[in-house]
Amino acid sequence: MNASKELRIGLIGTGFMGRTHSNGYKRVGDFFPKLAYRPVLQAVCSRNLEKVTDFAQQWGYASVETDWQALIARDDIDAIDICTPNEWHAEIALAAAAAGKMILCEKPLARTLPEAEAMVAAVEKAGVRNTVWYNYRRLPAVTLAKQIIDSGQLGRIFHYRANFLQDWTINANLSQGGGNWRMDVASAGSGVTGDLLAHCIDTALWLNGSIRDVSAVTETFIKERVHEQTGELTAVGIDDACLFHCHFENGSLGLFESTRYARGHKALYTFEINGEHASIRWDLHDLNRLEYFDHRDASALRGWRSIHVTDGEHPYLSQWWVPGLGLGYEHSFVHQVADFLKSLETDEPCHPTFLDALQTQRVCQAVLDSAATRSWQNTGIYEAVQ
Ligand code: SOE
């Protein structure tokens, strides 16, 4: 049966993330036909009229706005999707919550901890449904890792290790600001910590529980870059690389590394978890596989299993093709939309909520503070992330 209830989306931002989310909205009904709700691409908003009109035509949005406040004021919009540079997340979310709109916010939740706290307070006060697009949770192999860990098969966890490596900012002539807002601390809030490690931290909190304290080091390899707004060589305020280690509340040790200076790596997100009985590892470049080692296997046959996570009984897979055929990056966004729509039916939160993402923000802040002060920092996490 086709979904009968509408969720009218107002998308803000037409960049890379605007495309991934739009694709999610468009595909979800074809592959999750039993959901009661269906997204309606009601309006898209961006400052440049020509660009936003082109985007609306390409992706099938019914109307355009060039002023996000006008979009929020519309009564034919149920949910605001924030795909802007990080500097706008808090202001838009506060206004959307005050207008009673549901909010789907791109990660990281905010530039800073105070902004993130204000966003959580706003959605709680308004009682509006909210979620943050930490999309990697919704790749089938990562969700399977969660199921295996929750089943207790790993036993006591000793180690959690994660990397997110890229190489796209090595060029010293790359500017900051404008289209390169990720390079501008005023716009992004931080560098790899908020952009890449935030993914690793979200997954880690979800899979392995709270992080108590951290010790970090950051580096900015190229100290000055031309700023798009002024045309002048300006100090770079973001972290180009960040390493930290930490204690999890469950007693395990964590080791995290992220950089945009790892020549040869484009988006190498990997994690490995070592438990008393078994270990798990995963690699975004081979995203349909989950590797699993179980010490309880017969010793002659013991070894790393490479599980191709494409079977009908694997997470989300029953909705797609036949066993053996893989999914891609874009499917994580389709799954996030499906889970959000399902949460409207069940009236359950769609995790990670703003409150969950606030815990990730706490770890990011502790990491940056630790690097700045060369000292261990408590994260102050007070809520279990779901
Ligand atoms: C940065 O290059 C980036 O696009 C991040 O902003 C995304 O969150 C990550 O998934 C891929 O890399």
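Indexing begins at 1, ligand by ligand and atom by atom, following the structure's order. Computed from a predicted structure; not experimentally measured.
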> Taking the six-membered ring for Trp and the full ring for Phe, Tyr or His, determine whether the centres of H245 and F256 are under 6.0 Å apart.
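That pair fails the under 6.0 Å test.
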> Any idea which protein heavy atom is nearest atom 7 (C) of ligand 1, and the distance to it?
H199 NE2, 3.7 Å
> Please list the nearest protein heavy atom to atom 5 (C) of ligand 1 with its residue and the distance rounded to 0.1 Å.
D195 OD1, 3.4 Å
> Examine ligand 1 and decide if any of its atoms is less than 4.0 Å from a heavy atom belonging to K107.
yes
> Quick one: does Y136 get a heavy atom under 4.0 Å from ligand 1?
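Right, Y136 reaches ligand 1.
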> Take a 6.0 Å sphere around CZ of R374 and say whether it holds more than 12 heavy atoms from other residues, nucleotides or ligands.
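Atom CZ in R374 is not packed in, count stays at 12 or less.
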> Has ligand 1 got any nitrogen or oxygen that is less than 3.5 angstrom from a nitrogen or oxygen of Q166?
yes
> With a distance cut-off below 6.0 Å to the six-membered ring centre and an angular limit of 45° from the axis, does R281 pair with W304 as a cation-pi contact?
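Pair R281/W304 counts as cation-pi.
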> Any heavy atom of R260 closer to ligand 1 than 4.0 angstrom?
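No.
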> Quick check on the 6.0 Å ring-centre criterion: do W376 and H247 meet it?
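Close enough - the centres of the two rings lie under 6.0 Å apart.
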> Would you say that more than 12 heavy atoms from the other residues, nucleotides or ligands in this model lie under 6.0 Å from the CD of Q229, or not?
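No - once you tally the heavy atoms of other residues, nucleotides and ligands closer than 6.0 Å, there are 12 at most.
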> How close does the nearest protein non-hydrogen atom get to atom 4 (O) of ligand 1, and which residue and atom is it?
F16 CE2, 3.3 Å
> Under 3.5 Å, N or O to N or O, is Y329 touching ligand 1 that way?
no
> Ignoring hydrogens, what is the shortest heavy-atom contact between F164 and S258? Give both atom names and the distance.
O-OG, 2.9 Å
